[in-house]
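This report refers to the structure that appears directly beneath it.
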Number of protein chains: 2
Amino acid sequence: MQLMTDNKAQQYGVTPQSVDFNDWYNEVVKKADLADNSPVAGAMVIKPYGSALWERIVRWLDDRFKATNHESLVFPTLIPMSFIMKEADHVEGFAPELFTVNKIGTEVLAEPYVMRPTSETIIGHMWSQWLNSYRDLPFLHYQWGSVFRAELRTKAFLRTSEFYWHEGHTAHASEAEAQAEVRMILDLYHEFCRDVLALPVVRGEKTASERFAGATATYSIEGMMRDGKALQAGTSHYLGQKFSKAFNVKFQTRDQKEDFAYTTSWAISSRIIGAIIMTHGDDKGLMMPPNIAPIQVVIIPVGRKDNFDQMVEEAEKLASELRAQGVRVKVDKRDGVTNGFKYNDWELKGIPVRLELGPRDLEQGVVVVKNRTSDDKETLPRAEAVSGIQARLDGVQASLLQRATDFMLENTVTVDTYEEFKAAIEDGKWVRAFHCGDAESEKAIKDDTKATVRNIPLDDAEFFAEREEGVCVHTGKPAAYGKRVIFGRQY
Amino acid sequence: MQLMTDNKAQQYGVTPQSVDFNDWYNEVVKKADLADNSPVAGAMVIKPYGSALWERIVRWLDDRFKATNHESLVFPTLIPMSFIMKEADHVEGFAPELFTVNKIGTEVLAEPYVMRPTSETIIGHMWSQWLNSYRDLPFLHYQWGSVFRAELRTKAFLRTSEFYWHEGHTAHASEAEAQAEVRMILDLYHEFCRDVLALPVVRGEKTASERFAGATATYSIEGMMRDGKALQAGTSHYLGQKFSKAFNVKFQTRDQKEDFAYTTSWAISSRIIGAIIMTHGDDKGLMMPPNIAPIQVVIIPVGRKDNFDQMVEEAEKLASELRAQGVRVKVDKRDGVTNGFKYNDWELKGIPVRLELGPRDLEQGVVVVKNRTSDDKETLPRAEAVSGIQARLDGVQASLLQRATDFMLENTVTVDTYEEFKAAIEDGKWVRAFHCGDAESEKAIKDDTKATVRNIPLDDAEFFAEREEGVCVHTGKPAAYGKRVIFGRQY
């Protein structure tokens, strides 16, 4: 019996998180059919289930970008090498990661192209041609696409040499307007994570060391994964006039003077799927937040040979009633596999609610309901199986957010000594500590503990926002920022 | 006065089609804000108005792909060079057009990558890992993205070195199933063009000379542009077992044997926007078919200084009533430009219906309606301005399809001698003629007249489908195909 169980675990299950979180992640990605490795170094193939999830993410964000008056554009994938070289911090940040195109057909290029690692430079170049007057501003642009950055150690969704995202790029007539845009987008990201993905995140500013290459200020949302590591789930950058000066993006002001535009950029990428997996998953596999789940409800017709077809028919009837209510439903009609296999398979894929429908249930006028977040089953009168499902989906959504929030708060410790700091980091926790703000100290801490400042929580952030004064946990100098910052190891 | 008119034409208008169709096209693309040139050779930037149009095209097709059980995936942009080399016809077809990546960061690659010119090869490679049994089939996959093919003479939307499309790729257990898929998609494309874009197209099979590199059979839909040239608006390929053999995509059949999958691929690309422009445009600019137009109705508040704000308010009221009916509306609130400028601007952009609302109209309880396809204005009681708009939009849609169909039929001639053939081609027409099917003859005709066989209309094609027997217009040999084929110059 023990052997069979082991075989079963091997066949259906995944390595428990506690045994090896890394193996758990890789197995979940593969066995839940989210993505596969590709023959291109570091680039993944996103399979239909992962693609359906990404499409839903894109759709939600895209609708919001449009609702906030942003316009989509499509810029080329290639960028002249000389463009990347124009902004000093930018080239330094990206040079080691660039994919270079040196040949088209048989023609060797005098000036190579690079595959965009991000598009500030080429967009700046186009804006310089489109912008004349303050009346033209703001430019509120974004595009969906992929970008290319060489990665040594790759991991599906989290670190891939090609990844998928939107790039928001906006230009404004004043610093204040640009800053407001940066914050508005950060809040939009925060709301998306909390309300749609059930991800609690900390909004905050990055330190100078952790800024985007070329940014004046970088803001991020940071989430805690089940292994205690931080994942930067989205960023919003204030670029000041650095790129507009490098690319001559200038305009005539309202009072007939000339000024350079104040620009921003911002992004959420396919790594957000990594955040969903690692925030909500358990030893059985994924848990998809119902608000984004490609499949919210799976119905398993539980029948024997002689009545299986009838059960499938009943399941389809229920499915179409649910679909009419806007619920995303799948009926598992496979007849070559056991019910136990199906249960495990759909739990691995994280389907929020499972309905089982067998001959006895039909006789008794009930269906069996199982939430992915709970071990218990309940029976529901068939008459309530449609009206009752949305409440169960909402319940799963709420419990995922609660569980993740509790986990983040429980695994974040406030420390005042460097000994406590190191012990907590070693223990896989986030640390709230005072820091002097010196880049050298940040580097020393990183070398010592692999922990970095995730961000400096904003005053109106949902978590860890309190203003406090103190001395640096590392150097003993007066603390910067007027508050504790969050340190952690990161993805 | 003459001078002023000329200036106006220069400032607002475009070169008439009859003067220079090529200039007309390029000016419309640029002045209507569809796209701009980029600093990347041959690659365009799609601007918000063009992007909104493309997004609507994507959305419609994507919904249909999902409704016909296709699943989206995301494959890498790069392909190992060796993959492209595996299928002989494929490498021969694409080698001259490939973008080569030779370096990542500072590392020079032993085996370079190419930026995908199309993805059959890498998809075949992945399928070989995913496919085991006939139970796994069919694979009904597609992806949205861009591809890269070097072009010597580029033209926005029509021929760009990076273009945007979906790639459909499917694998089946039998030839019959794969052939049915190829035809189903061709019909879907045909329906999309006719009912959504108001483009009459001829469904047909390509001759061997004009097949996709590696295909066993290629089917196309061909439309006629206002200069008489043909544009291939979409293609659907039966690939047989060529790619599955090259990439070892095999499966266990129902009767326990082994077979290679029967595969297909198909695409509509951003060049369809070129087809919309060149099928429907006139000397004033674009005409957007209402069913796909990003903006269906523009409302111009016609006021003087003292009542402009009130007119804007009335226009906004009307706009929100229209929006509530699902109409896509824009109110032109610009106050620094004349009404005449606005009229020209929106006609250039091809907005199907314009509403004008002035103080006198308000007093009389009417709005002025102007369809893009007609020179007349009408007045409509304000009370009917909402209920009456859909009929006008439907009218514009129908009249665009009718106009384009009439044009295509009027400019297609049936000939039986090579002299007539050459004269008609020189005259910018399509020619229906018998052909022997010899590739050498096709090449000679092309060298002689720049005309190629656009396609061999299918028996159930809407246009030019009649079965007939005859002798080749070029060689005098017995005609192939059992019908006349369509010759024309092409984009």
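Below, read A as the first sequence line, B as the second, and so on, with proteins coming before strands; counting in each chain starts at 1. The structure presented is a predicted model; accordingly, all values stated were derived computationally and were not measured.
Proximity of A/Val45 to B/Ile123: side-chain heavy atoms (C-beta onward) are nowhere separated by under 4.5 Å.
When heavy atoms are compared at a cutoff of 4.5 Å, A/Ala150 approaches chain B by way of both its backbone and its side chain. Only the backbone of B/Pro96 comes within less than 4.5 Å of a heavy atom of chain A; no side-chain atom from C-beta onward does. For A/Ala41, the parts lying near chain B are the backbone and the side chain together; criterion is any non-hydrogen pair under 4.5 Å. Proximity to chain B (any heavy atom under 4.5 Å) is restricted, for A/Ile122, to the side chain, taken from C-beta onward. Only the backbone of A/Met44 comes within less than 4.5 Å of a heavy atom of chain B; no side-chain atom from C-beta onward does. Proximity to chain B is limited to the side chain of A/Phe148, based on heavy atoms less than 4.5 angstrom apart.
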Show me, pair by pair, the donor and acceptor atoms from chain A and chain B that are under 3.5 Å apart.
{"unit_1": "A/Asp36", "atom_1": "OD2", "unit_2": "B/Trp130", "atom_2": "NE1", "d": "2.8"}
{"unit_1": "A/Ala41", "atom_1": "N", "unit_2": "B/Tyr113", "atom_2": "OH", "d": "3.0"}
{"unit_1": "A/Ile46", "atom_1": "N", "unit_2": "B/Val74", "atom_2": "O", "d": "2.9"}
{"unit_1": "A/Ile46", "atom_1": "O", "unit_2": "B/Val74", "atom_2": "N", "d": "3.0"}
{"unit_1": "A/Ser51", "atom_1": "OG", "unit_2": "B/Ser72", "atom_2": "O", "d": "3.3"}
{"unit_1": "A/Ser51", "atom_1": "OG", "unit_2": "B/Ser72", "atom_2": "OG", "d": "2.5"}
{"unit_1": "A/Glu55", "atom_1": "OE1", "unit_2": "B/Lys66", "atom_2": "NZ", "d": "3.0"}
{"unit_1": "A/Glu55", "atom_1": "OE2", "unit_2": "B/Lys66", "atom_2": "NZ", "d": "3.2"}
{"unit_1": "A/Glu55", "atom_1": "OE2", "unit_2": "B/Ser72", "atom_2": "OG", "d": "2.8"}
{"unit_1": "A/Lys66", "atom_1": "NZ", "unit_2": "B/Glu55", "atom_2": "OE1", "d": "3.0"}
{"unit_1": "A/Lys66", "atom_1": "NZ", "unit_2": "B/Glu55", "atom_2": "OE2", "d": "3.2"}
{"unit_1": "A/Ser72", "atom_1": "O", "unit_2": "B/Ser51", "atom_2": "OG", "d": "3.3"}
{"unit_1": "A/Ser72", "atom_1": "OG", "unit_2": "B/Ser51", "atom_2": "OG", "d": "2.4"}
{"unit_1": "A/Ser72", "atom_1": "OG", "unit_2": "B/Glu55", "atom_2": "OE2", "d": "2.8"}
{"unit_1": "A/Val74", "atom_1": "N", "unit_2": "B/Ile46", "atom_2": "O", "d": "3.0"}
{"unit_1": "A/Val74", "atom_1": "O", "unit_2": "B/Ile46", "atom_2": "N", "d": "2.9"}
{"unit_1": "A/Thr77", "atom_1": "N", "unit_2": "B/Glu162", "atom_2": "OE1", "d": "2.7"}
{"unit_1": "A/Thr77", "atom_1": "OG1", "unit_2": "B/Glu162", "atom_2": "OE1", "d": "3.4"}
{"unit_1": "A/Thr77", "atom_1": "OG1", "unit_2": "B/Glu162", "atom_2": "OE2", "d": "2.5"}
{"unit_1": "A/Leu98", "atom_1": "O", "unit_2": "B/Gly105", "atom_2": "N", "d": "2.7"}
{"unit_1": "A/Thr100", "atom_1": "N", "unit_2": "B/Lys103", "atom_2": "O", "d": "2.8"}
{"unit_1": "A/Thr100", "atom_1": "O", "unit_2": "B/Asn102", "atom_2": "N", "d": "3.2"}
{"unit_1": "A/Asn102", "atom_1": "N", "unit_2": "B/Thr100", "atom_2": "O", "d": "3.2"}
{"unit_1": "A/Lys103", "atom_1": "O", "unit_2": "B/Thr100", "atom_2": "N", "d": "2.8"}
{"unit_1": "A/Gly105", "atom_1": "N", "unit_2": "B/Leu98", "atom_2": "O", "d": "2.7"}
{"unit_1": "A/Tyr113", "atom_1": "OH", "unit_2": "B/Ala41", "atom_2": "N", "d": "3.0"}
{"unit_1": "A/Trp130", "atom_1": "NE1", "unit_2": "B/Asp36", "atom_2": "OD2", "d": "2.7"}
{"unit_1": "A/Glu162", "atom_1": "OE1", "unit_2": "B/Thr77", "atom_2": "N", "d": "2.7"}
{"unit_1": "A/Glu162", "atom_1": "OE1", "unit_2": "B/Thr77", "atom_2": "OG1", "d": "3.4"}
{"unit_1": "A/Glu162", "atom_1": "OE2", "unit_2": "B/Thr77", "atom_2": "OG1", "d": "2.5"}

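With respect to chain B, the highest number of heavy-atom pairs below 4.5 Å among A/Pro76, A/Ala43, A/Ala35 belongs to A/Pro76.
Evaluation of the ring pair (Phe, Tyr, Trp, His ring centres under 6.0 Å) rule for B/Phe75 yields no partner, not counting sequence neighbours.
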